[in-house]
Number of protein chains: 2
Amino acid sequence: MFMKKKRPSLKDIAEVLNISTTTVSFVLNGKGAEKKISKELIARVETYLKEINYKPNLVARSLRTGSTRVLVFMVEDISNHFFSKVGRLIEDICYKNDYRVLFCSTENNVKRTQELIHLFHERQVDGFIIVPPPGIEKEISYLLENEVPVVLFDRKIPELEADYVIINNYEGAKQSTQHLIDSGYKNIAFITIDLDQIQMHDREAGYRATIENAGFEPQILKLPYNTSNVVASREKMKDFFKSNKNIDALFFATNYLSQSGLKAIHQIDPQLINKLGIISFDDSGFFEMYSPTISAFAQPVDEMANQLMKILLNKLKNKEKPKPVKLVLEGTLVERESSSKK
Amino acid sequence: MFMKKKRPSLKDIAEVLNISTTTVSFVLNGKGAEKKISKELIARVETYLKEINYKPNLVARSLRTGSTRVLVFMVEDISNHFFSKVGRLIEDICYKNDYRVLFCSTENNVKRTQELIHLFHERQVDGFIIVPPPGIEKEISYLLENEVPVVLFDRKIPELEADYVIINNYEGAKQSTQHLIDSGYKNIAFITIDLDQIQMHDREAGYRATIENAGFEPQILKLPYNTSNVVASREKMKDFFKSNKNIDALFFATNYLSQSGLKAIHQIDPQLINKLGIISFDDSGFFEMYSPTISAFAQPVDEMANQLMKILLNKLKNKEKPKPVKLVLEGTLVERESSSKK
């Protein structure tokens with residue numbers, strides 16, 4: 001792949017071939033015929049470029065053509081299984097379409113997200129898939145105004161006319177809660193995070209409406225969002241479970257809360273998992289390893305990746321501005337042992 | 001962050017201020033004093049730039065300075081918990097040091113890895129942390145010759161004088177296998193993948209030497225490397241477990257094999273997990289959720305991330321070429337319920 005330590009400049013090539021740098025540049029950019037350069041000369045330049053294994057300078061080329069064939073997938077936390085799984089699926093679709101894709105985490109930090117959007121936009125990536133943190137409206141709207149292809153994922157920004165792929169969080173939470181009620185649980189707690197995010201609000205609202213509709217009392221534990229402090233968060237859960245002994249079922253609002261919560265209840269009492277009704281929002285490969293297997297409201301990760309890329313590739317191909325695609329996908333309640341009647 | 005649709009060029013700014021573009025450029029690059037531009041003029045330019053919320057063109061700047069403050073972490077599979085966990089830790093250290101970091105998966109594919117290295121090198125990222133697939137020696141060696149800061153991770157390339165951070169895989173496999181033997185298991189199977197990778201060879205060799213030293217027979221299942229076909233791989237494990245009923249313990253060579261294998265034995269018989277001795281190479285937060293908790297040989301992810309970044313940041317700071325740092329870290333056997341005497 002690499003032959004020389006220093007890439008020869010257009011000038012170097014022009015000197016060797018005794019032609020102008022403009023001619024070299026036209027041939028390099030496939031504009032030889034258009035610029036009326038003779039077939040013989042084009043062939044001579046191309047043969048030489050092949051001979052020296054010439055690789056064009058992509059930075060310079062992207063400055064010229066404005067295209068890099070690089071896409072970016074900005075998620076909340078790349079170590080979250082849900083995002084890394086969708087990322088991996090997106091990566092495969094990108095490669096099939098001759099795009100590369102880069103990942104990075106925003107950690108829901110607006111300043112970091114602003115910097116990353118700025119960085120990628122300046123470095124002229126071709127398109128963005130963004131899990132938007134609250135407060136990032138201005139930057140997204142800047143990208144949209146400049147007709148940079150952007151698709152939002154996991155959360156929408158209601159005030160923006162942007163493409164997005166999300167799931168019906170309200171309905172998912174409703175189905176999950178109703179399933180626990182139907183299995184005979186009466187004191188169902190909802191474990192969530194204290195973040196001003198639309199998808200978390202929707203999950204809470206779905207839980208709350210279903211609980212109240214059944215004539216029960218909502219019991220909600222809101223943990224601070226802090227990916228680095230899992231131990232503190234687990235201790236808070238333990239305190240909550242211990243001081244609310246009436247709780248007979250748990251509905252976790254995300255997969256990392258489930259992971260942490262299951263560890264917490266195991267630490268309280270290894271048998272507790274068999275007594276409680278449990279559902280996790282987000283499925284995991286780890287939920288079928290043991291008994292009881294854990295029920296989950298599964299997000300359609302394959303469909304999400306496919307739709308995100310379908311929308312983005314379409315925007316990359318069609319320069320005219322189509323109406324935004326706003327997709328609300330439905331998830332699937334996967335009933336396993338942990339939510340059955342006890 | 002963004003104020004204008006079009007970024008004003010140096011020429012636009014120079015015209016408004018009625019000075020030369022060179023002067024604007026010197027001030028922008030902090031070279032005003034050095035170039036003997038008067039304090040008053042520097043202040044006038046800086047005030048105007050602030051006024052119009054001017055953001056320099058990073059592509060152009062990186063062409064000029066050769067620095068982008070962007071690092072790349074190229075892993076095998078970003079959806080593998082081990083890599084995404086280390087990636088997340090690296091990301092935090094990068095931000096603390098005013099670097100951004102991008103992730104991508106090579107999927108152990110040489111061609112894809114070549115393209116990615118080429119892409120990032122052309123786009124002038126400042127440094128690389130690479131989990132090298134077999135066959136990538138030439139590209140790594142090109143980067144080294146060109147004094148691009150590179151640190152290898154998870155695997156070394158014996159024939160290259162490159163910095164690396166790996167763990168003692170042989171010792172880890174030896175300790176894990178010995179622990180199962182000490183717990184009274186006699187027919188310990190090793191579940192691994194059929195990949196020509198040095199770290200997998202070392203794990204197998206550690207297992208094999210320990211088993212043979214104890215006078216037992218090695219029993220090895222090698223699964224094809226194919227991240228996309230987990231179901232086929234699980235079925236192969238089920239066949240293996242069913243047709244080797246003498247097996248009383250399992251040692252999984254990676255965390256994704258553990259996940260798949262535990263699901264396979266759960267599908268054969270939910271009680272089987274209580275009868276077998278089990279150890280996983282790589283730990284997981286999911287191993288403490290249930291009884292039996294799963295024993296693991298834990299890789300020191302925090303130390304790995306810290307050391308990788310320490311080496312890389314040092315290379316970025318010091319332009320002279322220090323001797324390569326070759327770090328072989330030790331992991332920790334975490335003894336949990338699954339590997340105790342039964």
Side-chain angles (χ1 to χ4, degrees), chain A residues 1-2 5 55-60 62-63 68 70 72 77-81 84-85 87-89 91-92 95 100-105 107 112 114-119 122-124 138-139 142 145-146 227-228 230 256 259-260 262-263 266-267 270-271 273 284-286 288-291 293, chain B residues 1-2 5 55-60 62-63 68 70 72 77-81 84-85 87-89 91-92 95 100-105 107 112 114-119 122-124 138-139 142 145-146 227-228 230 256 259-260 262-263 266-267 270-271 273 284-286 288-291 293:
Chain A
M1 171 189 176
F2 298 111
K5 282 201 180 188
K55 302 279 175 192
N57 181 328
L58 295 184
V59 177
S62 76
L63 276 171
T68 55
V70 174
V72 173
D77 175 1
I78 196 64
S79 70
N80 178 318
H81 309 168
S84 67
K85 181 85 194 285
R88 194 61 195 71
L89 294 165
E91 203 169 35
D92 275 342
Y95 277 86
R100 319 285 154 260
V101 64
L102 308 177
F103 307 119
C104 55
S105 316
E107 215 187 329
R112 184 187 285 197
Q114 287 172 338
E115 282 177 12
L116 286 166
I117 291 178
H118 184 53
L119 170 78
E122 291 289 334
R123 297 197 71 77
Q124 295 164 319
K138 221 170 86 182
E139 281 71 29
Y142 170 86
E145 279 164 28
N146 283 273
T227 48
S228 61
V230 281
Y256 59 87
Q259 184 183 337
S260 192
L262 289 170
K263 204 159 159 178
H266 186 268
Q267 287 180 355
Q271 292 309 313
I273 195 170
S284 161
F286 284 98
E288 293 180 277
M289 287 186 348
Y290 286 85
S291 295
T293 51
Chain B
M1 172 186 176
F2 298 112
K5 280 201 183 192
K55 300 281 176 190
N57 181 329
L58 295 185
V59 178
S62 74
L63 276 171
T68 55
V70 174
V72 173
D77 176 0
I78 195 65
S79 70
N80 178 317
H81 310 169
S84 65
K85 182 83 193 288
R88 194 61 193 73
L89 294 165
E91 203 169 34
D92 275 342
Y95 276 86
R100 319 284 154 261
V101 62
L102 309 177
F103 307 118
C104 56
S105 316
E107 216 187 328
R112 184 188 284 195
Q114 287 172 338
E115 281 177 11
L116 286 166
I117 290 179
H118 184 54
L119 169 78
E122 292 288 336
R123 297 196 72 77
Q124 296 164 316
K138 223 170 84 184
E139 281 70 28
Y142 169 86
E145 279 164 28
N146 283 273
T227 48
S228 61
V230 282
Y256 58 88
Q259 183 183 338
S260 193
L262 289 171
K263 203 160 162 178
H266 187 267
Q267 286 180 354
Q271 290 310 313
I273 195 169
S284 162
F286 284 99
E288 293 182 277
M289 287 183 352
Y290 287 87
S291 295
T293 51

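Every chain is numbered from 1 and lettered A, B, ... according to where its sequence line falls, protein lines coming before strand lines.
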Would you mind checking which part of B:V70 comes under 4.5 Å of any heavy atom in chain A, side chain (CB onward), backbone (N, CA, C, O), both or neither?
-> side chain
Considering all heavy atoms, the nearest B:S284-A:F286 contact = OG-CZ, 3.6 Å
Find the distance between OG (B:S79) and CG (A:N80) and round it off to the nearest 0.5 Å.
-> 12.0 Å
Could I get the full list of ring pair (Phe, Tyr, Trp, His ring centres under 6.0 Å) partners for A:Y290, not counting sequence neighbours?
-> B:Y290
What heavy-atom pair brings B:M289 and A:I273 nearest, and what distance separates the two atoms?
-> O-CD1, 4.1 Å
Okay, B:L89 and chain A: the region with an atom under 4.5 Å from a heavy atom over there is neither
Best-contacting candidate, A:R112, A:K263, A:R100, against chain B by heavy atom pairs under 4.5 angstrom | A:R112
Hey, what do you get for CG (B:L102) to CG (A:L116), rounding to the nearest 0.5 Å?
-> 8.0 Å
Could you list the residues that satisfy side-chain contact (heavy atoms from CB on, under 4.5 Å) with B:H266, not counting sequence neighbours?
-> A:S291, A:T293, B:P270
Who wins among A:Q267, A:K85, A:E91, A:Q271 for the most heavy-atom pairs under 4.5 Å with chain B?
-> A:E91
Closest heavy-atom pair, B:R88 versus A:S105, reported as atoms and distance to 0.1 Å, is CD-OG, 3.9 Å
